[in-house]
Amino acid sequence: MIRIAVVDDEKYVCAQLKRSLLEYQFKYNLDFDVDLFLTCEDLYERLQSSMGYHLIFLDIEFPNMNGVDLGKKIRGRIGDIRTQIVFISAKDSYAMELFSVHPFDFIIKPVSKERLYPCISNFIKLYSNSNVFFTYTLENIKHKIAVSEIIYIQSERKKLKLITSSEEIICYHKFSDAVTNEMKNDMVVIKRGLAVNINHIVDADFETVVLSNGTRLKISDGYRNSVMDILSDKIGGS
């Protein structure tokens with residue numbers, strides 16, 4: 001079952017989105033559980049007291065806590081980097097504010113099925129492939145680790161260092177093979193021999209990235225434009 005939350009202070013928008021989601025579910029034989037919330041505070045309270053959601057459709061403009069603020073709380077205070085957030089808004093001027101939230105997509109209101117359904121399809125692909133593993137050898141024993149657990153990787157001569165939230169793993173593996181093959185959909189190179197997991201970036205500017213474990217890393221001059229392009233594509237969605 002895929003758990004989805006819709007957050008909008010207009011009841012008809014919530015109802016319309018839920019109806020479209022259930023139609024998509026029926027069409028493609030999926031299993032959605034859709035909850036509706038009229039305020040960011042209501043969803044924040046739910047997230048603190050119960051199981052979270054796989055996907056959140058989140059309006060930005062609210063009278064009190066707005067959608068960007070809630071997104072920052074989800075990523076920062078709650079520490080949830082896996083839930084995918086799709087912002088919905090009548091305005092298209094929020095791009096720079098959304099870096100720290102790392103959204104899956106951004107949809108301009110009114111939300112049409114022509115725009116919504118490709119977004120859901122892209123999410124389903126991500127959800128279906130979320131358990132991608134990186135295989136490495138350590139002391140002649142093969143190990144596997146979920147790529148989602150790796151915050152960043154660093155080349156150390158002929159070895160590769162994997163940094164997770166709980167440990168550092170050093171193994172024999174080519175950095176170039178990791179970023180072009182096994183981890184190509186998740187890692188972005190920010191300097192020679194150093195790549196970060198896009199899904200663990202909680203803040204970024206032209207010179208630095210801040211990761212989910214609090215690490216701040218500098219982006220080398222030669223990589224800044226490509227890093228910004230990748231992050232912009234991630235924020236802008238399809």
Side-chain angles (χ1 to χ4, degrees), residues 1-128 130 199 201-203 212 231 234-238:
M1 178 183 292
I2 297 176
R3 299 184 302 278
I4 302 175
V6 176
V7 194
D8 198 294
D9 55 354
E10 296 179 286
K11 289 184 179 180
Y12 79 91
V13 174
C14 287
Q16 176 195 22
L17 269 171
K18 183 171 184 177
R19 183 166 56 251
S20 296
L21 288 166
L22 296 181
E23 288 175 2
Y24 185 97
Q25 169 193 247
F26 180 77
K27 182 177 181 179
Y28 294 101
N29 194 29
L30 297 169
D31 187 10
F32 290 169
D33 181 20
V34 183
D35 290 334
L36 307 180
F37 300 88
L38 296 176
T39 70
C40 291
E41 289 85 352
D42 288 343
L43 176 58
Y44 185 54
E45 183 177 350
R46 173 72 64 85
L47 292 174
Q48 290 179 301
S49 60
S50 63
M51 187 180 295
Y53 293 92
H54 297 107
L55 179 63
I56 298 174
F57 288 92
L58 180 57
D59 188 20
I60 294 180
E61 295 86 16
F62 288 89
N64 296 309
M65 184 193 301
N66 66 38
V68 177
D69 290 337
L70 175 58
K72 290 178 179 178
K73 288 179 182 294
I74 291 172
R75 298 294 189 234
R77 190 169 297 179
I78 296 177
D80 179 357
I81 63 168
R82 296 190 179 186
T83 295
Q84 299 300 326
I85 299 174
V86 176
F87 283 108
I88 54 177
S89 174
K91 302 176 182 178
D92 61 358
S93 56
Y94 289 99
M96 293 309 297
E97 294 181 57
L98 304 184
F99 265 112
S100 60
V101 180
H102 202 61
F104 180 74
D105 206 341
F106 183 95
I107 300 178
I108 298 293
K109 289 181 176 179
V111 180
S112 66
K113 291 180 183 179
E114 290 75 19
R115 184 64 182 86
L116 177 65
Y117 282 8
C119 173
I120 302 172
S121 296
N122 289 335
F123 168 76
I124 296 299
K125 291 176 186 176
L126 177 69
Y127 179 80
S128 299
S130 59
N199 301 299
I201 298 175
V202 296
D203 199 3
S212 60
L231 293 180
K234 181 71 175 178
I235 288 174
S238 58

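Counting begins at 1 with the first residue of the sequence. A quick note: this is a predicted structure, and the numbers were derived from the prediction, not measured.
- Using a 4.5 Å heavy-atom cutoff, the side chains of Leu17 and Val34 are not in contact.
- Using a 4.5 Å heavy-atom cutoff, the side chains of Asp31 and Gln25 are in contact.
- Lys72 places a side-chain heavy atom less than 4.5 Å from the side chain of Val101.
- Among all heavy-atom pairs drawn from Gly71 and Ile85, the shortest one is CA-CD1, 4.2 Å.
- Note on residues 40-60: pairs passing salt bridge (charged side-chain N to carboxylate O under 4.0 Å, His left out), not counting sequence neighbours, are Asp35-Arg46, Asp59-Lys109.
- The side-chain heavy atoms of Tyr28 and Ile124, taken from C-beta on, include no pair separated by under 4.5 Å.
- How far CD1 of Ile108 is from NZ of Lys91: 11.0 Å, rounded to the nearest 0.5 Å.
- Looking at every heavy atom in both residues, Ile107 comes nearest to Arg115 through CG2-CG, 3.6 Å.
- For the residue pair Ser121 and Tyr24, the shortest heavy atom distance occurs at OG-OH, 2.8 Å.
- For Ile81, the side-chain contact (heavy atoms from CB on, under 4.5 Å) criterion is met by His200, Ser212, not counting sequence neighbours.
- Listed by first and then second residue, the salt bridge (charged side-chain N to carboxylate O under 4.0 Å, His left out) pairs that reach into residues 79-89 come to none, sequence neighbours excluded.
- Nearest heavy-atom pair, Phe32 versus Ile120, reported as atom, atom and distance to 0.1 Å: CZ-CG2, 4.1 Å.
- Note that CD1 of Ile74 and CG of Asp69 are 11.0 Å apart. Values are rounded to the nearest 0.5 Å.
- A distance of 10.5 Å separates CG of Asn66 from OG of Ser89, quoted to the nearest 0.5 Å.
- Remark: the backbone N or O of Arg3 is paired with a side-chain donor or acceptor of His54 at under 3.5 angstrom.
- With sequence neighbours excluded, the residues forming a ring-ring contact (aromatic ring centres under 6.0 Å, His included) with Phe123 are Tyr127, listed by chain and number.
- Side-chain atoms of Val6 and Ile88, non-hydrogen and from C-beta on, never get closer than 4.5 Å to each other.
- A 4.5 Å side-chain heavy-atom check between Thr39 and Tyr44 finds every atom pair outside the cut-off.
- Each of Val7, Leu21, Leu36, Asp105 was evaluated against Phe57; a single residue qualifies, Leu21, per the side chain to side chain contact (heavy atoms under 4.5 Å, CB included) test.
- Taking the side chain as every heavy atom from C-beta outward, Asn122 and Phe104 approach each other to under 4.5 Å.
- In this structure, CG in Leu47 is found 7.0 Å from OG1 in Thr83, a value given to the nearest 0.5 Å.
- Cys40 and Leu58 get closest at one heavy-atom pair: SG-CD1, 4.1 Å.
- For the side-chain hydrogen bond (donor to acceptor under 3.5 Å, both in side chains) condition, the pairs that include at least one residue of residues 12-23, sequence neighbours left out, are Glu23-Lys113.
- Atom CG of Asn199 is separated from atom NE2 of His102 by 5.0 Å, given to the nearest 0.5 angstrom.
- Considering all non-hydrogen atoms of both residues, Leu43 and Ala5 come closest at CD1-CB, 4.2 Å.
- Side-chain contact between Ile56 and Phe37 is absent, with no heavy-atom pair separated by less than 4.5 Å.
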